[in-house]
Amino acid sequence: MASALTSTFNRYMELVGDQVVFTGRFAKNIFRGGFEWGEFVRQCFIVGYLSVGLVGITGFIIGFVLTLQTQPTLKEFGAESYVPGMVSISIIREIGPVIIALICAGKIASSIGAELGSMKVTEQIDAMEVSAANPVQYLVVTRILACTIMVPLLTIMADALAMAGGWVGVNVQDNVSATLFFRKSFAALEFSDVVPSVVKTFFFGYAIGFVGCYKGYHSSRGTESVGRAANSAVVSASLWIILIDAVAVQITNLIYY
Amino acid sequence: MDDTLVQEKNTATATDEEVVIRIEHLKKSFGDNEVLKDINLELHKGENIVVLGRSGQGKSVTIQCIAGLLEPDEGKLEVLGKEVRELSSEELKEMRMKLGFLFQSGALYDSMTVRENLAFPLTRVLKMTDEAEIEKRVTDVLASVGLEDAIDKLPSDLSGGMRKRVGLARTLIMRPAIMLYDEPTTGLDPITSREISELIIQLQEKYETSSIIITHDMNCARIVADRIVVMNDGKYIATGTYDELANSPDELINNFFK
Amino acid sequence: MQQKSKQKIKVGIFATVAFALLLIGIFLIGRNKNMFGSTFLLYGTFKNVGGLQAGNNVRFVGIDVGTVESIEILSDTTARVALRIKEKVQPFIKKGAVAGISSDGLMGDKLITISSGRENAAPVEDGDSIHAVEPLDYDVVLSRVSGVATNAEIITEQLAGIATQINQGKGSIGRLLYSDSLATSLEGTVTEAQKTVKSIRRGSDGFGENMEALKHNFLLRGYYKKKEKAARKEAEKKEKEAEKQAEKKEKSRKKGESGDSSSLKMSKED
């Protein structure tokens, strides 16, 4: 029993240590000369541009549904005029970043995990390493940075669309002008709502890229390990997002209140 | 045939030719599975050594250790006179530039065209920026493997034999001193296998490389081998030319040649 | 190569759009918080800010013109509130302006309202202090209410006392309602009055007889006859006028009926 515990402990610590080493390799390779701009742009295209549709639709519907759900409750209190403010605050602060990050975890972390996993299985990563090229620089740095930069941009876009969706949602029952809706939405927002939520999306993006790359890069040989890498990339990326979110709330509260 | 005999033979030839790879008492295990128990080998300049062995014997592990992809547990492993395990990352990079590794599957980069695959080591490792120079080297090396037409194709559009050739071209474009082949003919039809084997010989002569070829394809071994090493149970149990080993009285060795 | 530049363009477009959205958002929030555009500061000193917080709105003639920048305690009884106000409204706020604290709706936030000062005073300048009206403090309100309550108590007590006294027949109202002697004396007064009227009538009858006797006296007969004639003429005249007026009335009544009916119609149409 005790030995099983220690072996579990050791395995866990090995995993943590491995990830720390991987982070170190990533960080070291960012600033090493010869940044792979071409591959970086390609990854930005895949991670960012190709996710616009999915993320946009999701964002719009979140705003729409949130408004429809909030409106009747607030109406009971005669506080209907708080709908825009409530929708904008809840979307900007929490719902937008977290849901978009989870969607991206599903779409991006899995594809990175599967891609690098299959490259590992078909020895492409080894080939790069043996040819004295730097696979971390070429594959990992570009992907993690692309995620780190694109996920916040996707979130901003989704937030904007969610507020547009909120406006449409209000107009299902009432007739509110866009000017009034957006004026009220922005009147409710503070910089202390926007800044931390934008900052945390960078961490979400990093987590998505990092977990995807780590799981793919360290998948074992064998075809089934590709699937496992993709799957565990989604699971751990989602978990990381929730954990980072919890920590981010605490830090935000420390800084602003 | 015992180890001392192998040793004697190796040292005898070593005096004639420069040794590019020297392996002594190499050991490697994965967990409880001891894959390499005691490997001794010397590769001389301009020599083609074929390592024969059954699947799952850890033949590939040896060359992965040579390339620095795996770290051996014990023993001496010198490439071009330097101990691989003691190399700094810069020295390792230098050593790898002189080393060509052809993977079993060809290991072409899926997302790139053939041209980009071939240019990859040139721009990344040799830091070449002159487009014309890169283009020239790419077409040259593609011509030497006979695939000029495939230059703008993606790896997914290529057949298995073509992938191997492009993979070969990609390693040769760096003009390596040592080539390591990991089962170059596996999964190919007999005709393509023979073509690849003949290509190995041609390129060997053209680029003056020394090679270790891992295989269990006897046709390939017959064509390319200057010397054959037979591996069993984590040890090299016999060495000699194709004909010598084909006539060996040892049943274990003889089985390969049937 | 061409495909790559297309990708670059698409990534560029996406990044630009998203970044622009962020900038627009920041600008819109900042505009609400007066972070961009020129502003000036006003100060008001309150004894009690009643839960006012930094960031609350400042209103002038019912328009949001700024926000509360900060609140600092000056002494144990005073707090100074700094108001950041849009420069555009500076000319309209005069030196005598008064700042008060009120709240926005039932669930609403506190806010500062600036009421305009004297018409001809000079506009305020950056950093000026303006007069402050203390907000309605609930303690004060409560003490006033309790004063009112005490007064009400006293009044009702007194009313109750009066009512009992009336019931007991005390005081003039009480006596009026409950005392028999007053009623009897009133009755007495009434009979007395009747007697007096009778004696007066008797007196006037005597006077009438004397006058009749006078008429028949020859000296005064002519005078009385003349008087009789004039009276008769007068009577005839009056009769004629009366007839005329009767005719007129008849006519006007007919007119009035038709007018009424039309007005009825009108009202129906309404």
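We name chains A, B, ... by the order of the sequence lines, and we start the count at 1 in each one.
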With rounding to the nearest 0.5 Å, note down the distance linking [atom1] in [X] to [atom2] in [Y].
X	Y	atom1	atom2	value
B:Arg124	A:Glu36	CZ	CD	4.0 Å
A:Ile46	B:Ser111	CD1	OG	8.0 Å
A:Thr122	B:Arg163	OG1	CZ	8.5 Å
B:Asp110	A:Met119	CG	CE	6.5 Å

Option in B:Phe101, B:Tyr109, B:Phe120 with maximal non-hydrogen atom pairs under 4.5 Å from chain A: B:Tyr109

Max heavy-atom pair count under 4.5 Å with chain A, selected residue of B:Thr123, B:Thr171, B:Leu108, B:Leu180: B:Leu108

Results of side-chain contact (heavy atoms from CB on, under 4.5 Å) for A:Phe64 - residues two or more places apart only: A:Leu68, A:Val168, A:Val172

Counterpart residues, salt bridge (Lys or Arg N to Asp or Glu O under 4.0 Å), relative to B:Glu83 (two or more places apart): B:Arg85

Region of B:Gln104 that comes under 4.5 Å of a non-hydrogen atom in chain A: both

Contacts with chain A made by residues 150-162 of chain B (heavy-atom distance under 4.5 Å), listed by residue number: none

Salt bridge (Lys or Arg N to Asp or Glu O under 4.0 Å) contacts in which one or both residues fall within residues 118-135 of chain A, not counting sequence neighbours: A:Asp126-A:Arg221, A:Glu129-B:Arg96

Polar side-chain atom of A:Ser131 near backbone of B:Pro121 as donor-acceptor pair, under 3.5 Å: no

